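Down below is the structure, laid out as structure tokens.
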Amino acid sequence: MNAPSSTYGLSREARNLHWLLANLVEEVPGVRSVVVVSTDGLMLLSSDARHHAAAAAADPSAQDGPKGSSADLATIVSGLGSLTLGAAKLMDAGSVKQTMVAMDEGSLFVMSISDGSLLGVHATPDCDMTVVAYHMALFVGRAGHVLTPELRNELRRSLEHAQ
């Protein structure tokens with residue numbers, strides 16, 4: 001699978017993360033959109049909107065994510081991550097590994113990445129939650145050790161230039 005054209009000029013690590021994210025969206029049934037959010041709430045990676053536009057054309061009832069915006073999903077993931085971290089501190093329960101919210105019309109998964117970043121996935125209500133969580137854990141395992149401060153800065157800059 002080739003890296004999207006939006007990854008031109010990025011480091012090998014950044015291209016690999018883009019590829020892993022695209023693979024998560026394309027290979028896991030029921031995944032609508034995916035974001036990676038830094039510890040300070042800034043979006044580092046998001047699923048390709050063109051992929052979702054093609055899916056919506058094929059199935060008009062399909063939604064890209066909350067209001068169709070990766071930025072909206074990033075905000076929700078950041079807020080939910082902060083809320084669950086605060087709850088864990090109040091309960092003296094240690095770190096938060098994963099949060100899952102099941103709704104009538106969708107599911108939201110948030111998983112911690114080793115550097116404190118968060119992986120958020122918006123999925124269909126009928127998704128296989130164990131499959132989604134398994135693939136998220138694979139992504140976290142592969143991405144966690146490469147998300148250095150330098151790579152996070154590179155990813156932020158690439159998102160700013162894409163807008």
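FYI, side chains are in, hydrogens and waters are out, and symmetry mates aren't considered; it's all heavy atoms of this structure. Model, not experiment: these values are computed from the prediction.
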How about R15 and R12: do any of their side-chain heavy atoms sit closer than 4.5 Å? yes
To the nearest 0.5 Å, how far apart are CE in M43 and CG in L73? 9.0 Å
When hydrophobic residues are tied together by side-chain contacts of less than 4.5 Å, even through go-betweens, does L85 share a cluster with V36? no
Under the side-chain hydrogen bond (donor to acceptor under 3.5 Å, both in side chains) test, residues paired with S38 that sit two or more places apart: D40, R156
Here the gap from L119 atom CG to M136 atom CE, rounded to the nearest 0.5 Å, amounts to 4.0 Å
Run the side-chain hydrogen bond (donor to acceptor under 3.5 Å, both in side chains) test against D126 and tell me which residues pass, sequence neighbours left out. T124
Out of curiosity, does L44 fall in the hydrophobic cluster containing W19 (side-chain heavy atoms, cut-off under 4.5 Å, transitive links)? yes
Side chain to side chain contact (heavy atoms under 4.5 Å, CB included) filter on L20, not counting sequence neighbours, yields L17, F139, R142
Quick check on side-chain contact (heavy atoms from CB on, under 4.5 Å): which of N23, L24, V25, V31 does E27 satisfy it with? N23
Quick one: does S47's side chain have a donor or acceptor within less than 3.5 Å of a partner on S33's backbone? no
Side-chain (S82) to main-chain (S78) donor-acceptor, under 3.5 angstrom: no
Once side chain to side chain donor-acceptor pair (under 3.5 Å) is applied, what residue pairs with a partner in residues 127-139 remain, sequence neighbours excluded? D128-T130
Heavy-atom count around M103 CE within 6.0 Å, excluding the residue itself: above 12? yes
Are S158 and E160 close enough that some pair of their side-chain heavy atoms sits under 4.5 Å apart? no
Same cluster or not: L159 versus V35, using hydrophobic residues (I, L, V, M, F, W, Y) connected whenever any side-chain heavy atoms lie under 4.5 Å apart? yes
Going by the rule side chain to side chain contact (heavy atoms under 4.5 Å, CB included), which residues pair with M129 if we only count those two or more places apart in sequence or in a different chain? M100, A102, S107, F109, C127
Distance from L118 atom CG to T39 atom OG1, nearest 0.5 Å? 8.5 Å
Determine, stepwise, if the pair S117 / R152 fulfils side chain to side chain contact (heavy atoms under 4.5 Å, CB included). CA-CA 10 Å; S117 300; R152 286 192 299 272; 4.1 Å; yes
Any link between V146 and L45 through a network of hydrophobic side chains (Ile, Leu, Val, Met, Phe, Trp, Tyr) touching at under 4.5 Å? yes
Answer yes if the side chains of S11 and E154 hold a donor-acceptor pair under 3.5 Å, and no otherwise. yes
Same apolar cluster (I L V M F W Y, side chains within < 4.5 Å links), V34/L138: no
Sequence neighbours left out, what passes side chain to side chain contact (heavy atoms under 4.5 Å, CB included) with T84? Give chain and number order. L80, V96, T99
Looking at residues at least two apart in the chain, or sitting in another chain, which of them share a side-chain hydrogen bond (donor to acceptor under 3.5 Å, both in side chains) with T148? E150
For L42, the hydrophobic cluster (side chain heavy atoms closer than 4.5 Å, chained through members) also holds none
